[in-house]
Amino acid sequence: METAFDDKAKEALAALFEQFWIVRDADPERYQLVREREHVLKRYVEEKFGYRLIVHRHFAKLEKIPAEPEPWMGIPSFQEPLDYALFCCLMAYVESKAVEEKFLLSDVCEEIRAMYPGDVPVDWTNYSQRRALIRVLKTAEQIGLIRRMDGEIEAFAQHADEEALYEVPVLARYFMRTYPKDLLQYTSIDELLAEEWKAAPQDYRRHRLYRKLFLSPAVHRTEGDEQDFYYLRNFRHRLREDIESHTPFRYELYKNVAMLTIPERQAPYTLFPDLKGTSDIILHFAAVVRERLASFPPDEYGRLWLTPAQFSEWLADTKRRYEAGWGKTHREASLAELAREVLAELEAWRMADTDPETGMVVLYPLLGRLCGRYPDDFQAKEREL
């Protein structure tokens with residue numbers, strides 16, 4: 001008799017979503033958890049997301065392909081496009097090696113220089129390019145694509161002739177996804193993403209919306225996706241029952257936005273608000289925005305359109321009213337610095353965007369779900385000071 005989708009299955013599903021892969025040697029308990037619930041997990045992720053769960057004797061991996069790419073989906077440790085180019089070169093180099101084969105840092109440098117596709121060749125006498133390679137090697141080691149056997153990679157930053165010894169682990173063979181065609185036959189990222197929906201075109205909308213709900217902070221109703229929102233609204237009871245019985249999340253649906261929330265903070269998840277001071281500022285900013293809705297009504301999709309000057313003025317009002325409880329860095333920041341930081345965080349959480357054609361700041365309905373004010377006793381103490 002097949003095991004039901006119980007609390008252990010929920011725990012395993014959460015781990016698969018939050019980790020790139022679960023390596024048996026590094027996390028045997030969680031790996032065993034996935035292994036024990038493999039059949040119910042596979043059926044669920046395939047039916048709802050169109051995802052493939054791979055359970056190998058060395059690891060378990062859920063191939064999490066987004067409905068559409070978003071900026072936060074990059075590799076956090078990478079800082080510039082050069083990092084990604086060097087990473088691809090490193091993967092190509094490792095692909096040519098046998099499992100457990102050793103190689104030297106100097107060999108990697110030489111091979112990357114030979115295969116690098118840029119118009120200007122890499123130059124390892126350049127300090128910033130050596131730092132980029134260090135970031136790439138550290139990230140690859142952390143993921144499990146290479147294993148450092150000897151040497152200290154940080155020394156390479158100071159001296160280009162420093163050496164380190166690496167080995168190719170078995171995980172390196174399973175990092176890249178397999179595609180029906182050779183990657184060189186795809187001419188754009190859109191073609192690559194379109195391949196996702198060919199396996200089950202009849203389930204396209206369900207798979208895409210489940211991916212959006214689980215991989216994005218919110219799904220907003222916009223001019224181009226009215227049909228998506230009809231699906232979210234018409235099947236809201238079924239979605240709520242399914243999501244809440246398989247995960248710790250709650251399904252929330254409003255006129256112009258749908259999202260997953262969680263009643264209590266749990267360690268594996270990246271949640272808003274977090275412990276950064278910017279989260280407090282956004283909560284206070286949301287309170288100011290809410291107060292101005294009567295005189296500044298949103299459009300039919302619940303969006304507010306502000307000029308950069310208006311956004312700065314609303315943020316300045318927020319700062320005047322709430323900065324007493326902010327950290328020193330944000331209290332002393334200029335308005336321009338504060339506006340850049342807050343807008344970047346709003347965009348990362350899908351609460352705002354900058355319109356590319358007009359340059360206006362667009363505030364999305366998700367921001368309206370939030371509000372933050374100081375308690376009365378805090379404000380009373382401020383007035384006494």
Side-chain angles (χ1 to χ4, degrees), residues 70-72 216-222 252 254-265 269-385:
E70 295 187 36
W72 67 266
S216 298
V219 180
H220 290 102
R221 185 172 74 96
T222 61
E252 293 190 14
Y254 301 94
K255 180 182 178 182
N256 294 301
V257 63
M259 71 193 80
L260 300 185
T261 60
I262 196 164
E264 297 178 359
R265 184 172 295 278
Y269 303 109
T270 301
L271 304 172
F272 185 91
D274 54 25
L275 300 179
K276 293 189 293 186
T278 321
S279 290
D280 293 339
I281 297 173
I282 289 174
L283 290 172
H284 294 147
F285 180 70
V288 171
V289 171
R290 185 172 294 194
E291 291 172 3
R292 300 190 180 206
L293 289 178
S295 56
F296 210 98
D299 68 11
E300 62 177 308
Y301 295 101
R303 301 170 299 193
L304 290 179
W305 294 72
L306 307 180
T307 65
Q310 287 172 321
F311 176 75
S312 295
E313 190 275 319
W314 289 23
L315 190 59
D317 185 28
T318 306
K319 189 173 189 294
R320 283 191 298 270
R321 294 166 57 179
Y322 293 101
E323 68 175 340
W326 297 357
K328 181 180 178 182
T329 302
H330 290 124
R331 287 200 311 269
E332 297 180 354
S334 69
L335 185 59
E337 291 171 338
L338 197 63
R340 281 194 296 271
E341 182 179 343
V342 170
L343 183 57
E345 193 73 2
L346 286 169
E347 290 176 346
W349 282 100
R350 297 294 299 272
M351 297 178 195
D353 206 352
T354 302
D355 184 66
E357 295 182 3
T358 63
M360 296 186 75
V361 177
V362 186
L363 303 181
Y364 288 122
L366 178 57
L367 186 63
R369 170 66 172 75
L370 310 167
C371 188
R373 296 186 179 91
Y374 292 130
D376 293 338
D377 58 345
F378 177 87
Q379 294 176 321
K381 289 176 183 176
E382 283 299 311
R383 287 193 293 269
E384 291 171 3
L385 294 176

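Values in this document were obtained by computation on a predicted structure and should not be read as measured data.
Taking CZ of Arg303 as the start and OG1 of Thr222 as the end, the distance is 7.0 Å to the nearest 0.5 Å. To the nearest 0.5 angstrom, Lys319 atom NZ is 9.0 Å from Arg331 atom CZ. Taken from CG in Leu343 to CE in Met351, the straight-line distance is 12.5 Å, to the nearest 0.5 Å.
When ring centroids are compared, Trp349 and Tyr364 stay outside the 6.0 Å threshold.
Contact check on Arg292 versus Asp317 returns a salt bridge, with a Lys/Arg side-chain nitrogen under 4.0 Å from an Asp/Glu carboxylate oxygen. The residues Glu345 and Arg350 are annotated as not salt-bridged, no charged nitrogen and carboxylate oxygen being separated by less than 4.0 angstrom. Ionic pairing of Arg321 and Glu291 is present here: one or more N-O contacts between side-chain nitrogen and carboxylate oxygen are shorter than 4.0 angstrom.
Counting only distance, with no hydrogens or angles, the side chain of Thr358 and the backbone of Met360 share a donor-acceptor pair below 3.5 Å. Between the side chain of Arg221 and the main chain of Tyr254, no donor-acceptor pair closer than 3.5 Å is present. A side-chain donor-acceptor contact under 3.5 Å links Glu337 to the backbone of Ser334. Judged by distance alone, with hydrogens and angles left aside, the side-chain atoms of Gln310 form a donor-acceptor pair with the main-chain N or O of Thr307 at under 3.5 Å. Panel note: side chain Ser279, backbone Asp274; a donor-acceptor pair is recorded below 3.5 Å.
Taking the side chain as every heavy atom from C-beta outward, Leu304 and Leu293 approach each other to under 4.5 Å. You'll find the side chain of Asn256 stays beyond 4.5 Å of the side chain of His220, heavy atoms only. The side-chain heavy atoms of Val219 and Val257, taken from C-beta on, include no pair separated by under 4.5 Å. Counting heavy atoms from C-beta on, the side chains of Thr278 and His330 come closer than 4.5 Å.
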>> For Val362 and Thr354: C-alpha separation, side-chain torsions, deciding distance, then whether side chain to side chain contact (heavy atoms under 4.5 Å, CB included) applies.
In response: CA-CA 6 Å; Val362 186; Thr354 302; over 6 Å; no
> Yes or no on ring-ring contact (aromatic ring centres under 6.0 Å, His included) for Trp305 and Phe311, after CA distance, side-chain angles and deciding distance?
Replying inline: CA-CA 9 Å; Trp305 294 72; Phe311 176 75; over 10 Å; no
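A pairwise comparison of heavy atoms in Leu306 and Leu363 identifies CD1-CD1, 3.8 Å as the closest pair. Closest heavy-atom contact between Gly302 and Pro365: O-CG, 3.6 Å. In terms of heavy atoms, Met259 sits closest to Pro217 at CB-O, 3.7 Å.
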Would you list the atom pairs, donor with acceptor, under 3.5 Å between side chains in residues 280-288 and any protein atom, with sequence neighbours excluded?
unit_1 : atom_1 : unit_2 : atom_2 : d
His284 : ND1    : Asp280 : O      : 3.2
His284 : ND1    : Trp326 : NE1    : 3.0

